[in-house]
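Below, chain A is the first sequence line, B the second, and so on; all start at residue 1. Just so you know, these numbers use all the heavy atoms, side chains as well, and skip hydrogens, waters and symmetry mates.
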2 protein chains.
Amino acid sequence: MEYTQQSGARESDAPATREEVAEALERLAFLAVRHLTNRDISFTAASTLGRLSREGPSRLTALAADEGVTQPSMTQLIQRLERQGLVTRVDDPHDGRVVLVAITDAGRELLAERRHGRTNRLAELLATLPPEDEQALATAVRAATPAFQRLVENAARARKSPGNTAS
Amino acid sequence: MEYTQQSGARESDAPATREEVAEALERLAFLAVRHLTNRDISFTAASTLGRLSREGPSRLTALAADEGVTQPSMTQLIQRLERQGLVTRVDDPHDGRVVLVAITDAGRELLAERRHGRTNRLAELLATLPPEDEQALATAVRAATPAFQRLVENAARARKSPGNTAS
DNA sequence: CTGCCTATATAGAGGCATGATATAAAACTA
DNA sequence: TAGTTTTATATCATGCCTCTATATAGGCAG
């Protein structure tokens with residue numbers, strides 16, 4: 001748990017501790033959530049649609065487990081999405097108990113619209129910055145993207161099998 | 001609206017477009033909602049508590065406007081928070097209509113706990129990265145912070161008076 | 001005092017999550 | 001095969017959170 005500041009590649013005076021990075025990322029996340037969130041459907045609904053789009057028809061319980069909600073919640077969510085025409089339910093011929101949920105074309109369209117909406121909003125926001133600031137953000141993003149990608153993967157792994165912070 | 005890639009400080013081959021930055025922020029928002037969210041109180045509740053902590057006792061309608069929800073929603077939210085002992089309501093002696101909402105010590109404690117929880121979770125996540133990745137994130141975060149700060153300010157301004165992307 | 005504006009509350013509806021429990025199909029088990 | 005258990009999904013009751021529409025009450029202008 002202890003963290004001693006490694007010396008190297010330090011040129012400024014501010015201490016770039018792990019906690020400092022964590023707090024800065026928190027502020028970033030707050031903005032993103034605050035100004036990028038669509039209010040039309042819930043986060044779980046959007047995430048579930050995205051999963052169905054990426055991974056194809058899935059069982060209710062599998063969706064519930066993957067999204068971290070209970071099975072009754074997922075049942076209700078799927079019922080709402082079905083009412084909105086965003087998903088369909090098909091019986092599994094091999095197992096009379098299961099229901100396979102699949103995304104519809106309307107669901108895919110909604111996903112695409114949401115993605116465009118967010119990107120456009122953010123692009124407009126970025127356009128309000130002076131060019132140096134935008135350049136600085138672009139450079140930082142490109143430098144951080146590979147590491148951040150691994151961070152996200154580790155987070156997903158930690159969610160599936162919690163309690164393995166040290167290997 | 002058009003965006004031509006400015007040449008300068010470019011050393012890699014990937015195009016650092018505005019859309020690339022937007023996507024990175026989107027992924028960050030997803031990580032935050034997915035892995036950093038506390039389920040004890042809602043986002044609006046936490047944000048309102050934070051505002052009360054920073055700005056002191058406020059009117060219901062002011063809170064509703066600042067948080068971007070309707071007045072009845074804020075009334076209900078404040079009722080719940082009062083039931084939980086996180087805020088108190090005081091009558092304004094100068095105006096019999098208004099109710100001033102103030103955060104309690106318990107509310108401040110909850111805020112601090114949430115902040116620590118998030119920071120710790122993020123710090124644990126950062127600890128799973130190889131040192132080069134962590135260093136890269138630290139450097140990127142420090143480089144991006146000033147520009148990002150201005151982005152946040154612009155975003156808040158845009159929220160209050162929409163439709164003024166160009167000044 | 002009358003009438004309007006403002007600040008807050010209430011009512012009703014729906015989305016979104018929960019835990020507890022019901023139902024039906026599949027899979028064991030004896 | 002009959003009985004039990006497990007698995008997949010649904011239903012019910014509850015609470016949070018938001019909305020729109022509307023009510024109440026205080027402040028203020030004439």
What is the distance, rounded to the nearest whole Å, between atom [atom1] of [X] and atom [atom2] of [N]?
X       : N      : atom1 : atom2 : answer
B:Asp40 : C:dA17 : CG    : C1'   : 14 Å
B:Met74 : D:dC19 : CE    : C1'   : 14 Å
A:Leu63 : D:dA8  : CG    : C1'   : 13 Å
B:Asp91 : D:dA25 : CG    : P     : 15 Å
A:Ile41 : D:dT18 : CD1   : P     : 17 Å
B:His94 : D:dG26 : NE2   : P     : 18 Å
A:Leu86 : C:dG15 : CG    : P     : 12 Å
B:Arg39 : C:dC16 : CZ    : P     : 13 Å

Can you see if the side chain of B:Arg80 gets near the phosphate of D:dC17 - specifically, an N or O under 4.0 Å from OP1 or OP2?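 True: B:Arg80 side-chain N/O within range (under 4.0 Å) of D:dC17 OP1/OP2.
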
Taking only residues two or more places apart in sequence, or in another chain, which ones meet B:Thr88 in a side-chain hydrogen bond (donor to acceptor under 3.5 Å, both in side chains)?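 Not a single residue meets the side-chain hydrogen bond (donor to acceptor under 3.5 Å, both in side chains) criterion with B:Thr88.
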
For B:Thr44, which residues count as a side-chain hydrogen bond (donor to acceptor under 3.5 Å, both in side chains) partner, sequence neighbours excluded?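 If we apply the side-chain hydrogen bond (donor to acceptor under 3.5 Å, both in side chains) test to B:Thr44, skipping adjacent residues, there are no hits.
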
Classify B:Ser73 by what it touches in the nucleic acid, base, sugar-phosphate, or nothing, heavy-atom distance under 4.0 Å.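 Base, at least one base atom sits under 4.0 Å.
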
For [X], which residues count as a side chain to side chain contact (heavy atoms under 4.5 Å, CB included) partner, sequence neighbours excluded?
X       : value
B:Ile41 : B:Ala45, B:Ala46, B:Leu49, B:Gln84, B:Leu110, B:Arg114
A:Asp66 : A:Arg51
B:Ala62 : B:Arg59

Every protein N/O lying under 3.5 Å from an N/O of nucleotides 1-5 of chain D:
none

Single-linkage hydrophobic cluster, 4.5 Å side-chain cutoff, B:Leu63 and B:Val98 together: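 No: no chain of side-chain contacts under 4.5 Å links B:Leu63 to B:Val98.
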
Do B:Val99 and B:Val69 sit in one hydrophobic cluster, given that two such residues count as connected whenever their side-chain heavy atoms are within less than 4.5 Å of each other, even indirectly?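 B:Val99 does not cluster with B:Val69.
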
Within the sub-3.5 Å range, which N or O atoms of nucleotides 6-9 of chain C have a protein N or O partner, and how far apart are they?
| residue | atom | partner | partner atom | Å |
| --- | --- | --- | --- | --- |
| C:dT6 | O4' | B:Arg97 | NH1 | 3.3 |
| C:dT6 | O2 | B:Arg97 | NH1 | 3.1 |
| C:dA7 | OP1 | B:Arg59 | NH1 | 3.2 |
| C:dT8 | OP1 | B:Val99 | N | 2.6 |
| C:dT8 | OP1 | B:Val99 | O | 3.1 |
| C:dT8 | OP2 | B:Thr61 | N | 3.1 |
| C:dT8 | OP2 | B:Thr61 | OG1 | 3.0 |
| C:dA9 | OP1 | B:Arg89 | NH1 | 3.0 |
| C:dA9 | OP1 | B:Arg89 | NH2 | 2.3 |
| C:dA9 | OP2 | B:Thr75 | OG1 | 3.4 |
| C:dA9 | N7 | B:Gln71 | NE2 | 2.7 |
| C:dA9 | N6 | B:Gln71 | OE1 | 3.2 |

Tell me, which pairs form a salt bridge (Lys or Arg N to Asp or Glu O under 4.0 Å) where one or both residues lie in residues 76-86 of chain A, sequence neighbours left out?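 For residues 76-86 of chain A: A:Glu82-A:Arg89.
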
With B:Phe30 via ring-ring contact (aromatic ring centres under 6.0 Å, His included) - residues at least two apart: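 So B:Phe30 forms a ring-ring contact (aromatic ring centres under 6.0 Å, His included) with A:Phe43.
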
Nucleotide of C:dT18, D:dC17, C:dG15 approaching A:Thr70 most closely (side-chain heavy atoms):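 Per side-chain heavy atoms of A:Thr70, the pick is C:dT18.
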
